[in-house]
Amino acid sequence: MNDNIITVEHLEYSYRDSTQAALQDVSLTVPRGAWVSVIGHNGSGKSTLAKNILGLLEPSAGTITVDGQELSEATMWDIRAQVGIVFQNPETQFVGATVADDVAFGLENRAVPRAEMLQRVDVALQAVRMTEFADREPAHLSGGQKQRVAIAGVVAQRPKVIILDEATSMLDPAGRREIIALIKQLKAELGLTVLSITHDLDEASNSDKIIVLDDGQVVETGTPAQIFSHGQDLLTHGLDVPFAQQLQDELQKLGVVFPGTYFDDEGLVDYLWTLRSTM
């Protein structure tokens, strides 16, 4: 079995009225079972890449392979059955009168038998802790609850890959942490691969692998520790440096010694307390 569930090779895409290609010779891999983040400034090509992987846009050159199948007109629907996507605004995905109806919508389109469909909807709502809202109207939910319903609609279809296309960008910090914790839990329980399209570097710190896009090109690939240690490079690509890394850099200037690993906010606090206890 191929260790990469998604392989993109020499992908090119241009929007009709643009003078510059949105994607230029993009090649990347997403390992099976990993959490991979694609980061970049607005307009760097992140969402265009996601839409190409799903076959929503047709590249002018290059190939995309998902779970051993090369994307084409003939394989598009099989691939979409393996890849679910959660968008920035969950309301763009709502079509049902109730939460349960909305989660069931994709299954109805795939002609899943009713008994199985009801069972899948129930399991998906339990997974995102929204069972008690099954008969509610989606429009009356909070932002975080709406995103949970959108995730349930994807989970019910049992994909192998979930793409998060700026899925937490409209939430407050507490809501973002809640949704990321939920995705982590579902990834572990269901054996999912996660491809996160984001400009939130704190969110990207959860990744096994980060791919940096700038003006439609892959400019760097590595672990969070490798990527975030290149602070000035991130700035030149229109990205900020995560706060935890900024603080770590300043403390190093004052003589505080850190191991060669990246710390998120919580990890940095834990390390500093450990360091203090040995002083």
Side-chain angles (χ1 to χ4, degrees), residues 5-6 33 35 47 50-51 53-56 66-67 75-198 200 203 206:
I5 195 166
I6 298 176
W35 184 308
S47 291
K51 290 173 182 175
I53 291 172
L54 277 169
L56 299 175
V66 178
D67 199 25
T75 63
M76 182 187 305
W77 294 106
D78 287 340
I79 286 174
R80 287 182 184 174
Q82 303 300 326
V83 183
I85 187 166
V86 182
F87 291 104
Q88 179 181 41
N89 184 353
E91 293 183 359
T92 62
Q93 294 178 258
F94 290 157
V95 293
T98 68
V99 165
D101 288 343
D102 197 81
V103 175
F105 180 76
L107 302 177
E108 290 176 333
N109 282 346
R110 291 170 56 187
V112 173
R114 180 168 177 78
E116 181 184 349
M117 179 179 68
L118 294 176
Q119 188 264 344
R120 285 206 204 181
V121 170
D122 184 55
V123 169
L125 288 175
Q126 287 183 43
V128 301
R129 301 188 290 279
M130 288 293 289
T131 301
E132 65 184 283
F133 297 90
D135 296 325
R136 300 276 188 91
E137 293 183 35
H140 294 161
L141 302 177
S142 70
Q145 289 170 337
K146 289 175 181 177
Q147 204 60 293
R148 284 176 176 270
V149 174
I151 293 167
V154 171
V155 168
Q157 297 184 59
R158 299 179 180 172
K160 294 180 179 178
V161 180
I162 288 185
I163 297 177
L164 306 175
D165 189 1
E166 302 282 8
T168 65
S169 64
M170 295 184 69
L171 302 177
D172 60 26
R176 285 197 292 273
R177 288 192 296 270
E178 180 182 281
I179 293 300
I180 292 303
L182 173 61
I183 294 293
K184 282 184 177 180
Q185 176 187 333
L186 293 174
K187 177 182 179 297
E189 292 177 352
L190 304 177
L192 298 170
T193 300
V194 176
L195 179 60
S196 175
I197 309 297
T198 183
D200 185 336
E203 179 180 320
N206 294 284

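Computed from a prediction, not measured in an experiment: that's the story for all the values here.
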Using the side chain to side chain contact (heavy atoms under 4.5 Å, CB included) rule, take T168 and Q147 through it: C-alpha gap first, then chi angles, then the decisive distance, then the call.
CA-CA 8 Å; T168 65; Q147 204 60 293; 5.9 Å; no
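- Of the inter-residue distances, the one linking I151 atom CD1 with L164 atom CG reads 7.0 Å to the nearest 0.5 angstrom.
- One distance of note links CZ of R148 with CD1 of I183; it measures 9.5 Å at 0.5 Å rounding.
- The heavy-atom pair separating S47 from D165 by the smallest distance is OG-OD1, 2.8 Å.
- Side-chain contact between K160 and L192: absent, with no pair of heavy atoms (C-beta onward) separated by less than 4.5 Å.
- For the atom pair CD1 (I180) and OG1 (T198), the distance works out to 7.5 Å, reported to the nearest 0.5 Å.
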The test is side chain to side chain contact (heavy atoms under 4.5 Å, CB included); show your working for I163 and V83 and say whether it passes.
CA-CA 7 Å; I163 297 177; V83 183; 3.6 Å; yes
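- No hydrogens or angles considered: nothing links the side chains of Q82 and D78 as a donor-acceptor pair under 3.5 Å.
- Of all heavy-atom pairs between V86 and A150, the closest is CG1-CB, 4.2 Å.
- How far CG of L125 is from OG1 of T131: 5.5 Å, rounded to the nearest 0.5 Å.
- Between the side chain of N206 and the backbone N or O of E203 there is at least one donor-acceptor pair closer than 3.5 Å.
- Residues V128 and F133 have side chains not in contact (no heavy-atom distance under 4.5 Å, counting atoms from C-beta outward).
- When all heavy atoms of A127 and L186 are compared, the closest pair comes out as CB-CD2, 3.7 Å.
- Q145 places a side-chain N or O within donor-acceptor distance of the main-chain N or O of S142, the cut-off being under 3.5 Å.
- Closest approach of A124 to A152, counting heavy atoms only: CB-O, 3.5 Å.
- Contact between I85 and V154 at its shortest, heavy atoms only, is O-CG2, 3.5 Å.
- Taking every heavy atom of both residues into account, R80 and L54 meet most closely at NE-O, 2.8 Å.
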Show, in sequence, the C-alpha distance, side-chain angles and deciding distance for R129 and L182, and conclude whether the side chain to side chain contact (heavy atoms under 4.5 Å, CB included) test is met.
CA-CA 9 Å; R129 301 188 290 279; L182 173 61; 4.3 Å; yes
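- In this structure, CD in Q157 is found 10.0 Å from CD1 in I162, a value given to the nearest 0.5 Å.
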From CA spacing to verdict: side chain to side chain contact (heavy atoms under 4.5 Å, CB included), L141, M130
CA-CA 11 Å; L141 302 177; M130 288 293 289; 4.0 Å; yes
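- Using a 4.5 Å heavy-atom cutoff, the side chains of I53 and L195 are in contact.
- Summarising the geometry, atom CG belonging to D101 is positioned 10.5 Å from atom CD belonging to E137; distances are rounded to the nearest 0.5 Å.
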